[in-house]
Amino acid sequence: MATNIHSGSQGTVYIGSTAVASIKSFSFEETQETIDATTMNTAGAAFRTNKATFSSWSGSLDVFWSTEDVAVTNSTETNTGLAPSATEVTLHFWPTGDDQYELGYTGTALITGRTVSSSVDGMVEMSVTVLGTGPLTTENGTA
């Protein structure tokens, strides 16, 4: 039984070294593609043989929209307002915050979409989707 569980309220996401402000929630998913490598077998029970091929990851960020959306500009990354772009960004996902010894995940990605929504009885919100362009790796907090 898992005894070291956490509340998500301390989670944070960075693009490069800039924290994404007013974050409401985030998620990411890693997947492993497979191909069927089954051969004909007349001896015994037939089981499929699967081989791993490509790995990938994608994610989403839900934030409260602001006129001061995160703007990232440094020597390797430029993306204003979390807009879809052909420019890769480096994302850092911290499920429980980036304090020392916390576990996080990092990877390069393209921002592939954003949706801004508003309702009469709620906040103006924005959802952003990302697609990894390289591996998603683990990192340890340093703050």
(request) I would like to know whether S27 and S60 meet side chain to side chain donor-acceptor pair (under 3.5 Å); could you show each step before the answer? (result) CA-CA 5 Å; S27 65; S60 65; 3.1 Å; yes

Where do [X] and [Y] come nearest, in terms of heavy atoms and distance?
| X | Y | value |
| --- | --- | --- |
| G11 | I23 | O-CG2, 4.3 Å |
| P95 | G104 | CD-CA, 4.4 Å |
| L110 | A86 | CD2-O, 3.6 Å |
| W65 | M126 | CD1-SD, 4.1 Å |

Without hydrogens or angle criteria, can the side chains of [X] and [Y] be said to hold a donor-acceptor pair below 3.5 Å?
| X | Y | answer |
| --- | --- | --- |
| E102 | T96 | yes |
| S56 | T31 | yes |
| S66 | S22 | no |

(request) Decide side-chain contact (heavy atoms from CB on, under 4.5 Å) for V20 and L82; before the verdict, give the C-alpha distance in whole Å, the side-chain angles of both, and the deciding distance to 0.1 Å. (result) CA-CA 9 Å; V20 176; L82 295 171; 4.2 Å; yes

(request) Could you tell me whether Q10 atom CD has more than 12 heavy atoms of other residues or ligands within 6.0 Å of it? (result)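 Check fails, neighbour count at 12 or below.
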
Is any side-chain heavy atom of [X] less than 4.5 Å from a side-chain heavy atom of [Y]?
| X | Y | answer |
| --- | --- | --- |
| T90 | H92 | yes |
| W94 | L103 | no |
| E29 | W57 | no |
| R48 | D36 | yes |
| T112 | P84 | no |

(message) Test side-chain contact (heavy atoms from CB on, under 4.5 Å) on V63 and E125; report intermediate values, then the result.
(response) CA-CA 6 Å; V63 301; E125 298 182 25; over 6 Å; no

Rounded to the nearest 0.5 Å, what's the gap from [atom1] on [X] to [atom2] on [Y]? Could you check?
| X | Y | atom1 | atom2 | value |
| --- | --- | --- | --- | --- |
| T138 | Y105 | OG1 | OH | 7.0 Å |
| I15 | L61 | CD1 | CG | 7.0 Å |
| T12 | D98 | OG1 | CG | 6.5 Å |
| F26 | L91 | CZ | CG | 10.5 Å |
| N50 | E33 | CG | CD | 12.5 Å |
| E88 | I111 | CD | CD1 | 11.5 Å |

(request) Treat each ILVMFWY residue as a node, draw an edge where side-chain heavy atoms are under 4.5 Å apart, and state whether Y14 and F64 are in one component. (result) no

(request) Take T108 and T133, measure what side chain to side chain donor-acceptor pair (under 3.5 Å) needs, and give me the verdict at the end. (result) CA-CA 6 Å; T108 56; T133 58; 2.8 Å; yes

(request) Evaluate side chain to side chain donor-acceptor pair (under 3.5 Å) for T137 paired with T106, printing each intermediate quantity in order. (result) CA-CA 5 Å; T137 59; T106 187; 5.5 Å; no

(request) Over 60° means perpendicular and under 30° means parallel, so classify the ring planes of F28 and F93, tilted if in between. (result)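 Rings of F93 and F28: tilted, as their planes differ by 30° to 60°.
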
(message) T38 vs M40, test: side-chain contact (heavy atoms from CB on, under 4.5 Å). Steps then yes/no.
(response) CA-CA 7 Å; T38 306; M40 293 182 190; over 6 Å; no

